[in-house]
2 protein chains.
Amino acid sequence: MATIKDVAKRAGVSPSTVSRALSGKVPVDKETRERVMEAVRALNYKPNILAKGLKEGRTNTVGLIVPNICNPVFPAVARGVEDVAREHGFTVILCNTDENIEAEKDYVEKLQKRWVDGFIFATAREESQHIFELKEKGFPVVLVVRHMGQAVDAVVIDNYKSSFEAVKYLINTGHRRICIINGDTSLTLYKERFEGYRHALQAAGLPVVPELVLDVAGRDDNGYGAVTAMLKKGILPDAVFATSDPRAIGAIRAIKDCGLSVPGDVSVVGFDDLDISAFLDPPLTTVSQPLYEMGARAARRLIDMINGEKSGQPKVELVEANLVIRKSVKVREH
Amino acid sequence: MATIKDVAKRAGVSPSTVSRALSGKVPVDKETRERVMEAVRALNYKPNILAKGLKEGRTNTVGLIVPNICNPVFPAVARGVEDVAREHGFTVILCNTDENIEAEKDYVEKLQKRWVDGFIFATAREESQHIFELKEKGFPVVLVVRHMGQAVDAVVIDNYKSSFEAVKYLINTGHRRICIINGDTSLTLYKERFEGYRHALQAAGLPVVPELVLDVAGRDDNGYGAVTAMLKKGILPDAVFATSDPRAIGAIRAIKDCGLSVPGDVSVVGFDDLDISAFLDPPLTTVSQPLYEMGARAARRLIDMINGEKSGQPKVELVEANLVIRKSVKVREH
DNA sequence: ATATTTTATGCAAACGATTGTACAAACCTT
DNA sequence: AAGGTTTGTACAATCGTTTGCATAAAATAT
């Protein structure tokens, strides 16, 4: 691999001249510059980013930490992050923690010192102390999808409101026994979605029935088992509000396997609007999160921070989520 | 951020002693080592990987290049790569090209010089000249999922055979008019899957009917449009062999939207076995690729190469894929 | 023509680690 | 007790860049 010295020798100048000719920050004689460029081409020279980063204290690289790469939500966000980063000349390192906080700390530690200029976390939890510390240390950090209070910059949807609207829609279409399949309640996001559910019921004068509240914790558990168990016990909801599309898929499968129809016997509403959700049977009515857009915004925020934009107060940015109505909900008369 | 000098000062030794105490390759007085460790802890010292890489000419980082992060095949592979890499102390940088060869070259260029110690490509095409050049240059390179001839190491399934078996299964279950939804035929993988289809038909004395051969090229096109168009023209197959699960999902939706049933009127076989495929309606009969395993193997191969294992001839490794039979195929009598 | 400013370039130090060489102190040997 | 080992440490060079400072050459001003 050619180094700056090789280029210098070939062009008959010093390394510093080559450096300046390439950076363009300092005037260099036109003819000299051409000789340098010619040598660069001839030797296929590529500046060593390591050395450059070492000197400049900056690598134009950001880390994106996701909890589960196999959940399509995160690839969609990642695409948004990547596109914006590329536009600004940044490279993104995608790290998958599999919800394992130790793995996460490990990644952060590795990437921390000079490797990356900032982080985007899609893994935040209330107790993510290390993220908080990173921020305290002055490291640019932005959260996406999941957030932690108001202390750290974030780009998220209004989970409470979206959930409230979705359940309200079920109520307005005549549903009375609405089951919720909730995710890991130690995540703010699921707490909020549950609150939305609870308040929507409450606002309609409907009770929260414990046997219709299903908690699904495991990383790749889509709730198929929980719904099946409920149905086998003879507990029959008229609708299921799934707090993610994979869980909606699990629920639909479970309902059908019990010989019931969707939405004939039980309506289902999901949350995410994955690429495939429109192609399910029935096409899924679901809360659409603008995942790409969220990733893109998070990236823009992070890059601004890295470029030293005076951030002032951290700000959690709410983006709009909409209920997209397809065919998994049936209007019921009473 | 604390540097090795700060640690040295605090421990009252020289930087070199700190380095040696940490690496453990050279004996250091026990008491000195303890003082060093104590200082390391106190200052929360983390060696600067940039500087280390600069010196050692190695970063313990590998690049994983995927064509479309939103296709669940690649996250599954990525997980395998990541787990093995972590085990060996490597970090993986995941880059998504969105099938854009320019973006890919860009990534490679950026990561090339000293950034990464090797590459895993899931993007290979016959004409991927840059991958070939990288290999020629002595850069460790392994391909996965997609390969290019015998010239570069790869971990793939036997696409021809798997496809042949899947179509043979359809024939054995009484299907005669088998439609294929094929992917981008400039990819070896899809050429092979098509050949498997063709030969299976041929072996059974069945003709290849052009109107039953659907090509779907676009990145996020799941074939819904193509199948709908075919059906609307009154062309009715008794089975669809989709060369990927997303395409199977598109096909099922299209068939149902035309008022037909799966598998009642038309059977469907997919290819991939994604996490959700078992939960579709009907649960999808599909060729199961051991994606995680493929990623893991590719990573192991790459790391061996990086560690200077004499590789000799490049080897393309075939892993087993099996048809998993669920409920999207109906046995037909004639 | 000489003095002054401008422009272009080279030299050398720095970034933060690793490592070969050298040397001092402590231990053995006889 | 003197010579030979062993052991532990420090010094300095090195990796490939960038950049402040110095300087030579060219351009401008007087």
Side-chain angles (χ1 to χ4, degrees), chain A residues 1-40 43-61 89 91 109-117, chain B residues 1-40 43-61 89 91 109-117:
Chain A
M1 275 278 158
T3 73
I4 202 171
K5 281 183 200 150
D6 303 327
V7 176
K9 196 179 294 169
R10 191 173 221 271
V13 298
S14 77
S16 25
T17 302
V18 175
S19 174
R20 286 189 262 252
L22 288 167
S23 82
K25 285 190 226 160
V26 166
V28 169
D29 187 73
K30 200 172 151 208
E31 201 232 332
T32 312
R33 157 173 289 122
E34 263 161 31
R35 276 214 319 286
V36 170
M37 290 312 186
E38 153 61 24
V40 165
L43 298 168
N44 187 29
Y45 166 73
K46 299 196 180 55
N48 183 323
I49 308 191
L50 246 60
K52 191 172 169 177
L54 178 58
K55 190 65 179 127
E56 295 184 341
R58 173 163 170 170
T59 57
N60 278 271
T61 307
T91 302
E109 175 148 329
K110 264 202 164 159
L111 303 192
Q112 197 179 143
K113 174 101 200 237
R114 287 289 175 71
W115 254 101
V116 302
D117 302 331
Chain B
M1 274 281 156
T3 73
I4 201 170
K5 282 183 198 150
D6 303 326
V7 176
K9 197 179 294 167
R10 191 175 221 271
V13 299
S14 76
S16 26
T17 302
V18 175
S19 175
R20 287 189 259 253
L22 288 166
S23 82
K25 287 192 224 156
V26 167
V28 169
D29 187 71
K30 199 172 153 208
E31 200 233 333
T32 311
R33 156 173 289 121
E34 261 161 32
R35 276 214 319 286
V36 169
M37 290 313 187
E38 152 63 22
V40 165
L43 299 168
N44 187 28
Y45 165 74
K46 301 198 178 56
N48 182 323
I49 308 192
L50 248 61
K52 193 171 167 179
L54 179 58
K55 187 66 178 131
E56 295 185 338
R58 162 156 183 179
T59 57
N60 279 269
T61 308
T91 302
E109 175 147 329
K110 263 202 163 159
L111 302 193
Q112 198 179 144
K113 174 104 201 231
R114 285 289 175 73
W115 254 100
V116 303
D117 301 332

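Lettering follows sequence order; numbering is per chain, from 1.
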Residue pair A:D117, A:T59: steps toward the side chain to side chain contact (heavy atoms under 4.5 Å, CB included) verdict: CA-CA 6 Å; A:D117 302 331; A:T59 57; 3.4 Å; yes
Atom-to-atom span, CG of A:N48 to P of D:dG16 - whole angstrom: 7 Å
Nearest-nucleotide pick for B:T32, side chain only, options being D:dT9, C:dA17, C:dC15: D:dT9
Gap between atoms NZ and P, on A:K5 and D:dT18 respectively (whole Å): 13 Å
B:V13/B:V18 under side chain to side chain contact (heavy atoms under 4.5 Å, CB included): CA gap, chis, key distance, verdict: CA-CA 7 Å; B:V13 299; B:V18 175; 3.8 Å; yes
Step-by-step side-chain hydrogen bond (donor to acceptor under 3.5 Å, both in side chains) determination, A:T17 to A:S14: CA-CA 5 Å; A:T17 302; A:S14 77; 3.3 Å; yes
Between P of D:dC15 and CG of B:L54, the distance in whole Å: 9 Å
Atom pair distance, as rounded to whole Å: CD1 in B:I49 and P in C:dT18: 11 Å
Steps toward side chain to side chain contact (heavy atoms under 4.5 Å, CB included) verdict (B:L22, B:R33): CA-CA 8 Å; B:L22 288 166; B:R33 156 173 289 121; over 6 Å; no
CZ on A:R35 to CZ on A:R10, rounded to 0.5 Å: 12.0 Å
Value in whole Å for how far the C1' atom of D:dA13 lies from NZ of B:K55: 7 Å
Nucleotide D:dT19, atom P - distance to CD of A:E56 in whole Å: 6 Å
Contacting residues from residues 15-31 of chain A, given that a heavy atom lies under 4.0 angstrom of DNA chain D: A:S16, A:S19, A:R20, A:K25
Value in whole Å for how far the P atom of D:dT19 lies from CD1 of A:I4: 11 Å
Taking every non-hydrogen atom, the tightest pair across B:L54 and A:A51: CD1-CB, 4.1 Å
Between D:dC15 (C1') and A:D6 (CG): distance, integer Å: 13 Å
